[in-house]
Amino acid sequence: MKGLFPIEKLEGLQTPFYYYDTELLRQTLRTINDEAGRHEGFVVHYAIKANANPKLLKIIREAGLGADCVSGGEIEACVQAGFPSSKIVFAGVGKSDWEINLGLDNDIFCFNVESIPELEVINELAAAKGKTARVAFRLNPNVGAHTHANITTGLAENKFGIAMRDMIPVIEHAQQLQNVKVVGLHFHIGSQILDMGDFEALCNRVNDLQQELERHRISVEHINVGGGLGIDYAHPNRVPIPDFKDYFDTYAKKLKLRPGQTLHFELGRAVVAQCGSLITRTLYIKEGAVKRFAIVDAGFTDLIRPALYQAYHKIENITSNEPMEAYDVVGPICESTDVFAKQIDLNRTKRGDLLAIRSAGAYGEIMASQYNCRRLPQGYTSDEIR
């Protein structure tokens, strides 16, 4: 929808760049708070790995969300953006010592622990500082998700989490350590999930695990079910905000929380994906033997998802109202995988036209690289460009 973009002002910027509709982001955050707020004990964290643009982090922090981090650098970004340490969770299968120490120094809410060796290192480093680290154990529930194989994380074959059979021994071991306190259980089954049945399956597994814990007289304060809610990549204009009502209602109906327990979520893609577009300029139209190519100045260094996951992103020519024609939209990187889309319909495109690659607010700017010695794309918000 061309009206979403201040085209005259965008045309004066050096492409490629990311453009973020901050009003949509704020609407999304209001919806999250409204829908989660209808359920007692629901706490929402934003998964920083989706997009760590400081201007977006400030808006998300102002909305009151906590932060889910998977690196020391993300913890630093959260602290700089003003997130309270009491709302920062540190996950990740491979935490280095300096990252753990950073979390301890900032007295973060919780470490999501993925192995016994990691637990023992956290205990050791906390002891050296005279502190007690709050930990939640990430369990691998062996629950499949209807999503791309590369972003499924809850199966037994994945590298993430502790096997369910080890849950009781691991918690009992942790209870013997002097400098850690077990406060919760953590789960995450994957990303870009649109089938609520996957989340229902997770709820059923968590319910079973809680019963098993109670048989061993073990209780926890917090349950963290990760994130994973997907967005509609095909219809960013028609469905700009995911169905958070159905998502939160599913957990409210299916997950049996104990009195006083809080339920934590780690939403990433669902928060920021639809508000962001990659804006790229058409360099050339190349008429091939069997195809017409729109060669643009963005490449997979700017948005790697199509090359990495064969992901679909809706593409629009925001500077043309001409009749539709079929194009392969390709970038300048010296790799055959540098293709954004094949045989898609665009308004007739010429050199200089701006294309918007939609739904790129998550795993776009944050995953950009400097392969081919290319410059990293800038990120602009609608607050800046009016």
Side-chain angles (χ1 to χ4, degrees), residues 32 35-36 38-45 47 49-50 68 70 89 91-93 112-115 136-168 170-171 184-216 218-233 239 242-258 261-271 273 309 362:
I32 290 170
E35 295 300 337
R38 294 189 302 107
H39 306 290
E40 184 177 355
F42 280 26
V43 180
V44 182
H45 303 260
K49 71 191 183 90
D68 164 51
V70 291
V89 175
V93 71
N112 289 342
V113 173
E114 304 217 12
S115 67
F137 286 111
R138 178 171 180 176
L139 300 178
N140 188 320
N142 198 24
V143 171
H146 294 86
T147 187
H148 192 285
N150 288 2
I151 51 178
T152 297
T153 61
L155 293 173
E157 64 195 55
N158 298 132
K159 69 178 180 180
F160 301 99
I162 295 166
M164 288 185 301
R165 68 175 184 275
D166 297 327
M167 176 182 68
I168 300 300
V170 167
I171 293 176
L185 301 179
H186 176 222
F187 306 86
H188 184 67
I189 60 173
S191 187
Q192 186 49 24
I193 299 170
L194 296 171
D195 184 346
M196 293 301 121
D198 293 339
F199 299 123
E200 289 185 16
L202 174 59
C203 290
N204 293 335
R205 190 58 50 85
V206 175
N207 291 338
D208 292 343
L209 292 174
Q210 288 239 76
Q211 289 182 335
E212 178 68 14
L213 287 176
E214 288 170 349
R215 283 194 284 271
H216 289 80
I218 296 172
S219 62
V220 293
E221 302 169 50
H222 310 284
I223 301 294
N224 185 327
V225 290
L229 179 63
I231 66 158
D232 192 333
Y233 281 97
V239 190
D243 190 351
F244 292 111
K245 183 181 187 304
D246 195 15
Y247 176 70
F248 289 121
D249 283 353
T250 296
Y251 282 100
K253 293 173 183 175
K254 299 297 182 180
L255 189 61
K256 299 175 183 176
L257 290 178
R258 275 41 178 179
Q261 275 187 335
T262 58
L263 183 61
H264 294 250
F265 301 86
E266 298 166 348
L267 295 168
R269 183 195 315 263
V271 179
Y309 301 127

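For the single chain, residues carry numbers from 1 onward in sequence order.
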Any idea which heavy atoms bring [X] and [Y] closest together, and the distance?
X      : Y      : answer
Gly268 : Ala47  : CA-CB, 3.8 Å
Leu194 : Gly230 : CD2-C, 3.5 Å
Phe199 : Leu229 : CZ-N, 3.9 Å
Val220 : Gly184 : CB-CA, 3.8 Å
Arg269 : Ser191 : NH2-OG, 2.6 Å
Gly227 : His188 : N-ND1, 3.2 Å

(Q) Which residue is it: Asp198, Asn140, Val225? I am looking for the one with a side chain to side chain contact (heavy atoms under 4.5 Å, CB included) to Ile189. (A)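 By the side chain to side chain contact (heavy atoms under 4.5 Å, CB included) criterion, Ile189 pairs with just one of Asp198, Asn140, Val225: Asp198.
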
Q: Could you walk me through whether Glu200 and Thr250 pass the side-chain contact (heavy atoms from CB on, under 4.5 Å) test, one step at a time?
A: CA-CA 7 Å; Glu200 289 185 16; Thr250 296; 3.6 Å; yes

Contact check, side chains of [X] and [Y], non-hydrogen atoms, under 4.5 Å:
X      : Y      : result
Leu267 : Phe244 : yes
Val44  : Phe248 : yes
Gln210 : Arg258 : yes
Lys245 : Arg38  : yes
Leu185 : Leu213 : yes
Ile231 : Gln192 : yes

Measuring from [X]:[atom1] to [Y]:[atom2], what's the distance to the nearest 0.5 Å?
X      : Y      : atom1 : atom2 : answer
Asp166 : Ser115 : CG    : OG    : 11.0 Å
Glu40  : Thr262 : CD    : OG1   : 11.0 Å
Glu35  : Asp249 : CD    : CG    : 7.0 Å
Arg165 : Glu212 : CZ    : CD    : 14.0 Å
Asn224 : Leu139 : CG    : CG    : 11.0 Å
Lys256 : Gln261 : NZ    : CD    : 13.0 Å

Q) With distance as the sole test, does Asn207 use its side chain to make a donor-acceptor pair with the main-chain N or O of Lys254 at under 3.5 Å? A)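 Checked: pair present.
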
Q) Would you call Glu114-Arg138 a salt bridge at under 4.0 Å N-O? A)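 Answer for the salt bridge query: yes.
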
Q. Does the ring centre of Tyr251 sit less than 6.0 Å away from the ring centre of Phe42?
A.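 Centroid separation for Phe42 and Tyr251: 6.0 Å or greater.
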
